[in-house]
Enquirer: 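Sharing a structure here in structure tokens format.
The structure displayed is predicted, hence computed values, not measured ones. In what follows, chains carry the letters A, B, and so on, assigned in the order in which the sequence lines appear, proteins first and then strands, with residues in each chain numbered from 1.
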Amino acid sequence: MFGTISNIVAAFLTLCIFSFLYKDNPFYKFAESLLVGVSMGYAIPLVYENAFIPYVYRPIFLQNKFLIIIPTLMGVLYIFRFSKNLSWLSRYPIVFGMAIVGMFVPMSLNARVLVQMRSTMLPLDNINTILIFIGVVTILMYFFFSKEHKGTYGKISNVGIWYMMVGFGASFGYTVMARISLLIGRIQFLLGECLGLIK
Amino acid sequence: MSNNKNIFWDRMQNLDRRYIYIVVALAIIIPLLIPFNSKTYITEPVENLYKKVDSFTEREDRAILMCFMHDASTMPELFPMEVSILRHCFERNIKVFTICFLPTAAPLIDYAINTAKEVGGFDVQSGVDYCNFGYKPYALFLPILLGMGEDIAEAVETDSEGRKVENLEIMKNLKNYNELNLVIDFSASASVQTWITYARVKFGANIGAGITAVMAAENYPFLQTGQLVGMLGGLKGAAEYEKLVDVFASNNVVFSKEIVKETWIPITDKNIPYQFKTARIGMNAQSVAHIMIIVFIILGNIGYFVSRKSKNKELG
Amino acid sequence: MKRQIPLLIVIGLGLLFVVHTFVPHKISEDFYEWWQTWSKAISPFMVLLGIMSLFMVHSTKIKRKTANWQYSFVTLGGLLITAFVGFMWGTREGTPYMWLFKNIQMPMSATMFSLLAFYIASAAYKAFRARSVEATVLLLAAVIVMLGQVPLGAQISHWIPDTSKWILNVPNLASKRAITLGVGLGITATSLKILLGIERKYLGGD
């Protein structure tokens, strides 16, 4: 019985959102506003239990690590973000986290640039490796705007456009699949879990 | 006659979008109500991830970490992947950990573990065979990711039930990424690249991805370089993994390309619980929906060219 | 001073992180552990930003009675009730808090995104046109990948999934790699600018 009521509530809210497809209406607006509120409200107790208690309360009050009071006060400074005169105080917790860019620079250079370049410059012993090499070089040339795209240079960088079109087409194909999958999930819920029509 | 044709295509061009919506809904509802058997072919990125997970079978000194980096909005694509991988681990006695950095992902972990455990009837224990680290604030994503490279128990501290991780039996032979040798990130964003940038570069961890189809095409360069050991892309990836678990893990058989090619598992088979074939059932509807989209593209283009031709004629 | 001290903190700690990346010394490890403990203590307060921002937006809407202001009560009510229920009865499985999540947040969030399926179908019909040769190439690639991903494609002909695989593994890979290289260089340069105190936008005004 309780399960049925739960399913009815979930199905009703699902249909409220779907009603937007016909046109904007009060049911949709109600559901949308409720979603924003519940999502935010949902996070508060979880953050309290999983972050405030283990990383602030327990070290300071149970383990007497009083140095933790300093970062705690720094965290509290976030609330000044919306103050006109004191918003500069909120910079302290932000910059403390931001410092990790020092590690990001070499790591990102390795993961996104060096390894990618190395794998492009493999021995050109088969047609696909050659095509990948041509594709990467011509696209990079297309994005090099310090030279006018005219003559031979223009023709070469045009090859890059063709590669990109195929790439965007592949992304579009995958995107269609993703969006349809999400709808399939909701219809499976309505037909399967609510109405028991899919076995 | 030609004028009538033009009027027809003009009308088609300006068709009310709500008619299109009805067709979309029907294209999905009908194949779900009338299931039919279709073949799921296996792609290399899925095969590689399956083999990597399977290589940890019965090993006390190896474990995988599943990072749930998504909320309910992308659940239809990612949830069947998560259930299949958990099922694979439970079938083959592979130690598995779960973690999330979004509050809305926390219940999804419990839901996935309970689904795999209860539907599959596995006798697995939290803290012994698997462990859910639970929700950790997003601000701790990097500190925990990096911390696990040194000491998992120290970085994570407590699991979702509030127990000290270092005291758990599952941790006996596990220290850092040398043992927690495979991280699978399930997300609808580029978070897998954060794992690659830090855990892969600094600690040499193996990274796998379970991602929404929207993100799949972006990750092919990382597959070729080996920065990703494998990838499940969208509902198709999930359907492939479901099949692999059905064919191999649930029968305690080691992966073989020949067997997978020859084996045909009808999804109407009642012995396979619905929860373990959700993605494959969904792929039927996906087939019809893709055909529908292609028909839409063709019709839209015919209308476009017909009306362009008649406009050109009018202009002389 | 309001900007200089935070900038010095980023530069100082950032450079220590560069050292930590390359030097696995005890001091470097201790520095990292210290940063980690402090970051953990700062982390719970970030949620305050979200709550405050939401309260400010909606209370202003109610005060000024702007369009659809009544729905702001629903948002704030949803926030307060969910948080209250979580603190009152806990956040474990089987609590009212979990019921709210499973039957309100989860279905609505999933449905909101599923609307995109309808919009993409409508866009395919109304906007996806072969206006030029390049657009036709994009369209063809999309159609092949779409067919190649579903079981029906393989049943029509094995060429469809094979071609789709080739598109993804060769031209798509090349295009995504070139973009990855560009993005990689871009974010590395931006990070370097933050590290050296040249980029300061993240500090906000004043």
Enquirer: Flag the pair A:Val56 / C:Pro44 as yes when at least one side-chain heavy-atom distance between them is below 4.5 Å, and no otherwise.
Expert: yes
Enquirer: Please classify the contact of A:Pro26 with chain C as side chain, backbone, both or neither, using a heavy-atom distance under 4.5 Å.
Expert: both
Enquirer: Using non-hydrogen atoms only, which part of A:Tyr28 is less than 4.5 Å away from chain C: side chain, backbone, both, or neither?
Expert: side chain
Enquirer: Between A:Tyr78 and C:Phe45 (judged by ring centroids, cut-off 6.0 Å), do the two rings come close enough to count as a pair?
Expert: no
Enquirer: Between A:Phe20, A:Phe52, A:Phe96, who has the most heavy-atom pairs with chain C when the cutoff is under 4.5 Å?
Expert: A:Phe96
Enquirer: Quick check for you: among C:Gly78, C:Gly50, C:Ala189, which has the greatest number of heavy-atom pairs under 4.5 Å with chain A?
Expert: C:Gly78
Enquirer: Between A:Pro106 and C:Phe22, is any pair of side-chain heavy atoms under 4.5 Å apart?
Expert: yes
Enquirer: Does any backbone or side-chain atom of C:Met46 lie under 4.5 Å from a heavy atom of chain A? Answer side chain, backbone, both or neither.
Expert: both
Enquirer: What is the distance from atom CE of C:Met112 to atom CG of A:Leu13, rounded to the nearest 0.5 Å?
Expert: 10.5 Å
Enquirer: Between C:Phe101 and A:Val38, is the side-chain contact (heavy atoms from CB on, under 4.5 Å) condition met? List the steps.
Expert: CA-CA 8 Å; C:Phe101 178 81; A:Val38 171; over 6 Å; no
Enquirer: Checking heavy atoms, do the side chain of C:Leu54, its backbone, both or neither come under 4.5 Å from chain A?
Expert: side chain
Enquirer: Taking every non-hydrogen pair under 4.5 Å, which of C:Ala124, C:Ala174, C:Ser72, C:Gly184 racks up the most with chain A?
Expert: C:Ala174
Enquirer: Test your reading of the model: is there a side-chain donor-acceptor pair from C:Trp35 to the backbone of A:Ala99, 3.5 Å cut-off?
Expert: no
Enquirer: Under a 4.5 Å heavy-atom cutoff, which of A:Pro54, A:Gly169, A:Ser90, A:Gly185 has the most pairs with chain C?
Expert: A:Gly169
Enquirer: Between C:Leu15, C:Val19, C:Ile51, C:Leu173, who has the most heavy-atom pairs with chain A when the cutoff is under 4.5 Å?
Expert: C:Ile51
Enquirer: In terms of heavy-atom proximity below 4.5 Å to chain A, should C:Trp99 be classed as side chain, backbone, both, or neither?
Expert: side chain
Enquirer: So what's closer than 4.5 Å to chain A heavy atoms on C:Thr21: side chain, backbone, both or neither?
Expert: side chain
Enquirer: Is there a side-chain contact between C:Leu181 and A:Arg112 (heavy atoms, below 4.5 Å)?
Expert: no
Enquirer: Non-hydrogen atoms of chain C under 4.5 Å away: do they reach the side chain of A:Phe2, the backbone, both or neither?
Expert: side chain
Enquirer: Going by atom types only, do A:Lys65 and C:Thr37 share a side-chain donor-acceptor pair under 3.5 Å?
Expert: no
Enquirer: Tell me, out of C:Gly148, C:Gly182, C:Ala110, C:Ser43, who's got the most heavy-atom pairs with chain A below 4.5 Å.
Expert: C:Ala110
Enquirer: Taking the side chain as C-beta and beyond, is there a heavy-atom pair between C:Tyr71 and A:Leu34 under 4.5 Å?
Expert: no
Enquirer: If we define contacts as heavy-atom pairs under 4.5 Å, which of A:Gly97, A:Ser6, A:Ala170 has the most with chain C?
Expert: A:Ser6
Enquirer: Between C:Phe73 and chain A, which part of the residue has a heavy atom less than 4.5 Å away: side chain, backbone, both or neither?
Expert: neither
Enquirer: Report which part of A:Val113 has an atom under 4.5 Å of a heavy atom belonging to chain C: side chain, backbone, both, or neither.
Expert: both
Enquirer: Please say whether more than 12 non-hydrogen atoms of neighbouring residues, nucleotides or ligands are located less than 6.0 Å from CZ in C:Phe84.
Expert: no
Enquirer: Checking heavy atoms, do the side chain of A:Ile79, its backbone, both or neither come under 4.5 Å from chain C?
Expert: both
Enquirer: From A:Tyr48 OH over to C:Thr91 OG1, what is the distance, rounded to the nearest 0.5 angstrom?
Expert: 11.5 Å
Enquirer: How long is the straight-line distance from CE of C:Met108 back to CD1 of A:Ile17, given to the nearest 0.5 Å?
Expert: 6.0 Å
Enquirer: Please look at A:Ser181 and chain C and tell me whether the side chain, the backbone, both or neither of the residue comes under 4.5 angstrom of a heavy atom of that chain.
Expert: neither
Enquirer: Given the side-chain rings of C:Phe17 and A:Phe104, with only the six-membered ring counted for Trp, is the space between their centroids under 6.0 Å?
Expert: no
Enquirer: Please classify the contact of A:Ser119 with chain C as side chain, backbone, both or neither, using a heavy-atom distance under 4.5 Å.
Expert: both
Enquirer: Let me confirm one number: the CG-CG distance from A:Leu131 to C:Asn169, rounded to the nearest 0.5 Å.
Expert: 12.5 Å
Enquirer: Let's test your reading of the structure: which of C:Gly86, C:Ala83, C:Gly90 forms the most heavy-atom pairs below 4.5 Å with chain A?
Expert: C:Ala83
Enquirer: Walk me through whether C:Val18 and A:Val105 qualify under side-chain contact (heavy atoms from CB on, under 4.5 Å).
Expert: CA-CA 8 Å; C:Val18 176; A:Val105 172; over 6 Å; no
Enquirer: Given heavy-atom pairs under 4.5 angstrom as the criterion, report whether the side chain, backbone, both or neither of C:Phe118 touches chain A.
Expert: side chain
Enquirer: A:Arg179 side chain to C:Leu116 main-chain N or O, any donor-acceptor pair under 3.5 Å?
Expert: no
Enquirer: Among the options A:Met107, A:Met98, A:Met117, A:Met164, pick out the one with the most heavy-atom pairs lying under 4.5 Å from chain C.
Expert: A:Met98
Enquirer: Heavy-atom distance under 4.5 Å to chain A: side chain of C:Ser53, backbone, both or neither?
Expert: both
Enquirer: Could you go step by step and tell me if A:Ile44 and C:Leu79 meet the side-chain contact (heavy atoms from CB on, under 4.5 Å) rule?
Expert: CA-CA 9 Å; A:Ile44 302 167; C:Leu79 185 148; 4.1 Å; yes
Enquirer: Would you say the ring centroid of A:Tyr92 lies under 6.0 angstrom from that of C:Trp38?
Expert: no
Enquirer: With side chain to side chain donor-acceptor pair (under 3.5 Å) as the criterion, how do C:Thr180 and A:Gln116 come out once you've worked through the C-alpha distance, each side chain's angles and the decisive distance to 0.1 Å?
Expert: CA-CA 8 Å; C:Thr180 304; A:Gln116 293 299 325; 5.5 Å; no
Enquirer: Name the region of A:Thr120, side chain, backbone, both or neither, that has any atom closer than 4.5 Å to a heavy atom of chain C.
Expert: both
Enquirer: Give, for atom NZ of C:Lys40 and atom OH of A:Tyr55, the distance between the pair rounded to the nearest 0.5 Å.
Expert: 5.0 Å
Enquirer: Quick one: CG on A:Leu182 to CG on C:Leu115, what's the gap to the nearest 0.5 Å?
Expert: 10.0 Å
Enquirer: Can you find a heavy atom in the side chain of C:Gln70 that is under 4.5 Å from one in the side chain of A:Lys29?
Expert: no
Enquirer: Give the ring-plane orientation class for C:Phe128 versus A:Phe172, where under 30° counts as parallel, over 60° as perpendicular and anything between as tilted.
Expert: tilted
Enquirer: Heavy-atom distance under 4.5 Å to chain A: side chain of C:Ile187, backbone, both or neither?
Expert: both
Enquirer: Does the side chain of A:Met165 reach to within under 4.5 Å of the side chain of C:Pro171, using non-hydrogen atoms?
Expert: no
Enquirer: Find out whether A:Met177 and C:Met146 are in side-chain contact, i.e. whether some heavy atom of one side chain is under 4.5 Å from a heavy atom of the other.
Expert: no
Enquirer: Among the options C:Leu80, C:Leu139, C:Ile5, C:Ile167, pick out the one with the most heavy-atom pairs lying under 4.5 Å from chain A.
Expert: C:Ile5
Enquirer: Between C:Ile120 and chain A, which part of the residue has a heavy atom less than 4.5 Å away: side chain, backbone, both or neither?
Expert: side chain
Enquirer: If you draw a 6.0 Å radius around CD1 in C:Ile27, do more than 12 non-hydrogen atoms from other residues or ligands fall strictly inside?
Expert: no
Enquirer: Check each atom of C:Leu195 against the heavy atoms of chain A and say whether the ones under 4.5 Å are side chain, backbone, both or neither.
Expert: both
